[in-house]
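Report on one structure; see the data block that follows.
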Amino acid sequence: MIELVGVGKSYGPIRALHDVSLKAEAGSVTCVLGDNGAGKSTLIGIMSGLHPHTSGSLLVDGKPTVFSSPREALDLGIATVYQNLAVIPLMEVWRNFFLGSELTAGRFPLAGMRIKEMKRVADAALRDMGIVLADIDQPIGTLSGGQRQGVAIARAIHFGAKVLILDEPTAALGVKQSGAVLKHVAAARDAGIGVVFITHNPHHAYLVGDHFVILKLGSAVLDARRGEVTLEELTAQMAGGDELEQLAHELGRG
Amino acid sequence: MIELVGVGKSYGPIRALHDVSLKAEAGSVTCVLGDNGAGKSTLIGIMSGLHPHTSGSLLVDGKPTVFSSPREALDLGIATVYQNLAVIPLMEVWRNFFLGSELTAGRFPLAGMRIKEMKRVADAALRDMGIVLADIDQPIGTLSGGQRQGVAIARAIHFGAKVLILDEPTAALGVKQSGAVLKHVAAARDAGIGVVFITHNPHHAYLVGDHFVILKLGSAVLDARRGEVTLEELTAQMAGGDELEQLAHELGRG
Amino acid sequence: DGGREEEPDASGGSAKQPTGYTIAFVTHETPGDTFWDKVRAGAEQAATDTGVELKYSNDPDAGKQATLIQQAVDSKVQGIATTLVTPDALAGSVKAATGAGIPVVGLNAGIDQYKSLGALMYFGSDETLAGESIGERIAAAGGKHPICVIHQQGSVSLEARCAGVKSKVAGTENLQVNGADDAAVTTALQAKLAQDKTIDYIVTLGAPIALDAIQAKEQAASQAKLVSFDLNKEMAQAVKDGKVEFAVDQQPYAQGYMAVTSLYLYIKNGNDLGGGGPVLTGPSFVDSSNIDKILPFTEKNTR
Amino acid sequence: MSRPVRLLARPEVGALVAALAIFLFFLAVAPAFRSAGSLFTVLYQSSTIGIVAVGVGLLMIGGEFDLSAGVIVTSAGLVNSLFCWYFGVNLWVGALLSLVFCLAVGFLNGWLVMRTGIPSFLITLGTFFVLQGVNLGVTKLVTGSVSSSDISDIDGFFSLQSVFASSFGIGDVTVWTTVLWWILFVALASWILQRARAGNWIYAVGGAAESARAVGVPVVRTKISLFVAVSFLGWFVGMHNLYRFNTLQAGNGVGNEFLYIIAAVVGGTLLTGGFGNAIGVAIGAFIFGMTSLGIVYAGWDPNWFRAFLGVMLLLAVLVNHYARRWGSR
Amino acid sequence: MSRPVRLLARPEVGALVAALAIFLFFLAVAPAFRSAGSLFTVLYQSSTIGIVAVGVGLLMIGGEFDLSAGVIVTSAGLVNSLFCWYFGVNLWVGALLSLVFCLAVGFLNGWLVMRTGIPSFLITLGTFFVLQGVNLGVTKLVTGSVSSSDISDIDGFFSLQSVFASSFGIGDVTVWTTVLWWILFVALASWILQRARAGNWIYAVGGAAESARAVGVPVVRTKISLFVAVSFLGWFVGMHNLYRFNTLQAGNGVGNEFLYIIAAVVGGTLLTGGFGNAIGVAIGAFIFGMTSLGIVYAGWDPNWFRAFLGVMLLLAVLVNHYARRWGSR
Ligand SMILES: Nc1ncnc2c1ncn2[C@@H]1O[C@H](COP(=O)(O)OP(=O)(O)OP(=O)(O)O)[C@@H](O)[C@H]1O
Ligand SMILES: Nc1ncnc2c1ncn2[C@@H]1O[C@H](COP(=O)(O)OP(=O)(O)OP(=O)(O)O)[C@@H](O)[C@H]1O
Ligand SMILES: [Mg+2]
Ligand SMILES: [Mg+2]
């Protein structure tokens, strides 16, 4: 569905990404792991049309494409949850939820929105995610960091089309909400959607992933299918060691 | 050193915190866990002088106090890493690092800053955290999300005084960086600093914590010392179940 | 029908052989004022007639006007004509000019000070005098309570006009309006007429404001009489139609024309006009008695 | 952190309280203010500011400024007047030409802002200066003076006047149709902001343009449309001025751009974008109209006019601010 | 996402390129421009804008506006002149009184902004109107006209003149000391911004006030100091105007507040705060002075003056913008 071949991206003199190849396939979850600053968000930005790549090529259904705006990616069925660009703080929750995909009463540009329906749908979708709000009309800026992230995820999943891209969706979430997100990821996969899942947490990745890519300083250092790699290997690759146990040992706890 | 007794906080009609008691003791780590929107950041805000509490009392060295600005808290030796208010995006990394605690050549208001020294110190402190930057002069807004968080933590630890408060410091960090933060938390504790550590990750909490408080809808539902609770109990309390294994089971993987 | 009438070259007269003189013409015009437009038209006609090159510049801020005079000195012009509305503020620059051997002629304002500043001649009326003469006519007609409409905040010359009116009719009251917005002028006048029904005269200080005042009067159904400074085509018509009682004209075209011509004569021939005193270009009254003669001139933007 | 809480309150609530307070104040101190005639004079004055202010308010909610909004009103009238006078064609042709011209200027403003990424404050400051100079230069060139010629004899004048500058009497009170048009435009803008998809987009591009783009909102198109809308409303008021006053001073309109912004901000629009509404802007324009004329109705010393205006403005803003804060408790 | 990259480049680089281009342009088209005398006239004109603009630039970096910066220049002169003329006291007393007055106004601006949380745009718009009205009203009351009386006979005039409004000749070129003062203030502001702790705080409060507060920066104190600094510089130029011209028109200074803002923004200051520097602002003021006088030196028709100015401004901004972007590659 969507495939990156030898893609690179530079911000002026800074080379954030270099010769990375990746494939999102229908009904499978591709996990991207990597240290801070490894280029994960940059990679996401290319696939979702946020910024163009500077080398290599991006294939959508086999056709080389350069997105000039996220709208184009969305129109091709690529929905994204961004790490930093989640929501518009001063807007109500339901408006944020439907932003860019409003339900209108007609095709006329000034056609009214079906506001009641929008509020109802948004509320239901959020409850589904485990986010229960007293007031769907409150500005989203008044929600806690995790709740805000949850709205963004619920939105992407609700409108989720052929490809769903998630940039560290579970970082700000608690255990329960993280579980809900992982369940949704699995559900999306089972519905035949291609998911690209970015995370720092090898455990989360291993729970849902079919394919794992580890980025380091902008290049892919590991690229393996589920069968070819164990959780331990993944963790080791990420941390350069046995992580928690090792750390516990160092900290003298256990 | 710093103690909350029956503290509550309302934002207009929204009651974010209700009757919470907590103590930060020298040489010990107090972990605060809780779901999204449970009130953790609100709690932090009270201890660090970001906003005043609306009921209960805050004792510093046994004396009831109401902070009117974060400066007051800082002057009493309470350093904080905030979840959202980490850095000033357009300012250089080293300026951000020293912001509010600049090294000056004298006490005169227009006295020059010891810029070279500041850059050197900032760079060293960041390297210590595992953050290696090509250019300490670049605006901090150009760093990745995790790198930015890392600078904020390095700063608080560098200037860390009697109490160090960290609001989800590891959320945006990879395994390696998380490990570095946990090591620093442990080091701070060993140096006799009282640490308040907020996190979603019971594993991280259990690695360094001496005392655990779980918030739910603004109230404390668990308040236990290390000996009185196991990692499994903590995880269960947080997730209402056996978390990962449970989830793995549900997702049919593992 | 209506619209522009095709007419031969309105500038009149063909350009003379250039003399090589450059004359700087500095005023305190706020851009887009019809009064200054005529001063400038006169100056340009004179420049064409005498074959000198004219450099016109303007700024309502006294300090910036001083800089413009300084700038003319830098440019080494042969003569400077300038308004002297804030004589004290311009003194330094005028001295710099005379010090550099550049003859300076005053116009429009500064009748009392031009000599002490070192200017050679002066062409203009006296704002206070013009106001007084209006006041006299109002008083003679039995007016007791005129309002004087100031369309530019803090303008020295407009204030002087109103002060002149007030010195002859004690009941004069000033009104500030935003001259850059016709709707605002009209409504403010309406409001004033509603607030004080005893107002019997409206004195406007510029032709466009007088036209707004006509509308305001109609709206407020006021019986106050309207008199005004300055003249333009529409206003001349209004005088003819009896909507404006009379207008006081200080003949801006002549001010501009004479200032340039006199400089030309001084440079070329050493002439000194006015016999050591100011040359008055006004006040000249325009009312039903002489409007028929003047009306055609206003169509050419020369009165 | 406390900002979002405060913003829970609707933007126009505070402005409404302030407007009421000022209204009552002038009722008390200015006897001449207490008549239907005065009220409609104030409404008329407010409408000439308020019509363009609605557009400027939408634009500000969308996160941009337009400093050329004041002079374009004059440009609109001049294009129509000069063109028809010079060529002797029917005024309707000129009015249409003027409309095209204004929309083009609005489009250019928006396009330059979006294309270059330079703040709209600067771009429109540039067009402000340019239009101001062109108004003067072209008028002088065409008519030989700095005001446009009387066009009331040209074909189409009366039909255009009845569209843009007619009034009718109720009892002895004159009601200008601009007041009705104003209400119409405010209602339309309100509808768009609250109920149409475009409104959602306007709030979004003003509140966080990058985030809006990321979820697929056509940021460029939305912002350019807002600039065009401002120009359209400027054209409308320009037509009113032309057909009410027949002649136009080429230097007019300068300074009004700030009245529009003041109206929007007093009405609760956030200067940084993303928050506000059309009714608030209308109330802001009304407060301005009421204050500037109320001072005259009260017969206060005109030398102090600006001082009164300043104090009123500060009071309105303060009342607005505290009323809104109180409303969010 | 691309903004931070672009901002890597120093703010004044683009302005410098634009200034050079404009300078060369006028050298080419205006023969009268090609003399040392002209250059110093331009520098003088730039300095009278530039001195206050430095303060306004700092304030804008700190995230606030001051619309009263233009009229306070006139207020400063009037307080001194009227007081001393009315009471016949030594002018030094009046100058000091005026200084206290200006600092108080600046403090009030800052205090109101910080206390109420209302945008500075609105608060200072209020003080702008109030000062404008008070200037006129009080001058009228004291002197009976709209300009202050000549004070050159009062004690202290010449010593004050030599401090604030003296000039000296180099060859046949007149150099006003304001140019030197301007350079001094720019250097001082540059030092503060780059090297002093206060500069760090100014950038921080403008870039993200809440975050700055959270790390212990005294936000309120820093911002109020910036307002006071603007008033101080306004006072300084007010003194210059008074002692150079002896009398002042009460209506003057209006409109200059935007020239200051333009200078700051053309010089690379971010309208939203947190980015810019003092040298950029100085270059911005120089660009403005050069353009406004260059047009006169070139002898262009003043009716088109504003149009030229607008085009120049747009070009300067564009050159600035692209130069900076190019510089960050
Ligand atoms: N707009 C930008 N300008 C300059 N450099 C940038 C920009 N955005 C990202 N970078 C640099 O590119 C590199 C990759 O950044 P990116 O945000 O993609 O990392 P990431 O893998 O998402 O990190 P994290 O896990 O912390 O979110 C980093 O070194 C960062 O400093
Ligand atoms: N400024 C505010 N105005 C109104 N409500 C607020 C505000 N800040 C927080 N809240 C509400 O208070 C509650 C607690 O928020 P808080 O940010 O403390 O949660 P948290 O535990 O830090 O969550 P997370 O783990 O997602 O960061 C939430 O319901 C939130 O919506
Ligand atoms: Mg990232
Ligand atoms: Mg939180």
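Numbers restart at 1 for each chain; the letters A, B, ... are given by sequence-line order, proteins then strands.
The two residues L90(A) and G273(D) have their closest heavy-atom pair at CD1-O, 4.2 Å. When all heavy atoms of P70(A) and A214(D) are compared, the closest pair comes out as CB-O, 3.5 Å. Across S68(A) and R213(D), no two heavy atoms sit closer than the pair O-NH1, 3.6 Å. Across Q194(D) and R95(A), no two heavy atoms sit closer than the pair O-NH2, 3.0 Å.
With a 4.5 angstrom heavy-atom cutoff, T104(A) touches chain D only via side-chain atoms.
When each of L99(A), D75(A), L74(A) is scored by its heavy-atom pairs under 4.5 Å with chain D, the top score falls to L99(A). Taking chain A as the reference chain and counting heavy-atom pairs below 4.5 Å, the highest number among A209(D), A204(D), A208(D) is found for A204(D).
Two residues are said to be in side-chain contact when any heavy atoms from C-beta on lie closer than 4.5 Å; V215(D) and I88(A) fail this criterion. Between M91(A) and N200(D), some side-chain heavy-atom pair lies under the 4.5 Å cut-off.
Counted within 6.0 Å of CZ on R114(A), heavy atoms from surrounding residues, nucleotides or ligands total more than 12; the atom is thus considered enclosed. Remark: K23(A) NZ is loosely packed, at most 12 non-hydrogen atoms of other residues, nucleotides or ligands lying under 6.0 Å away.
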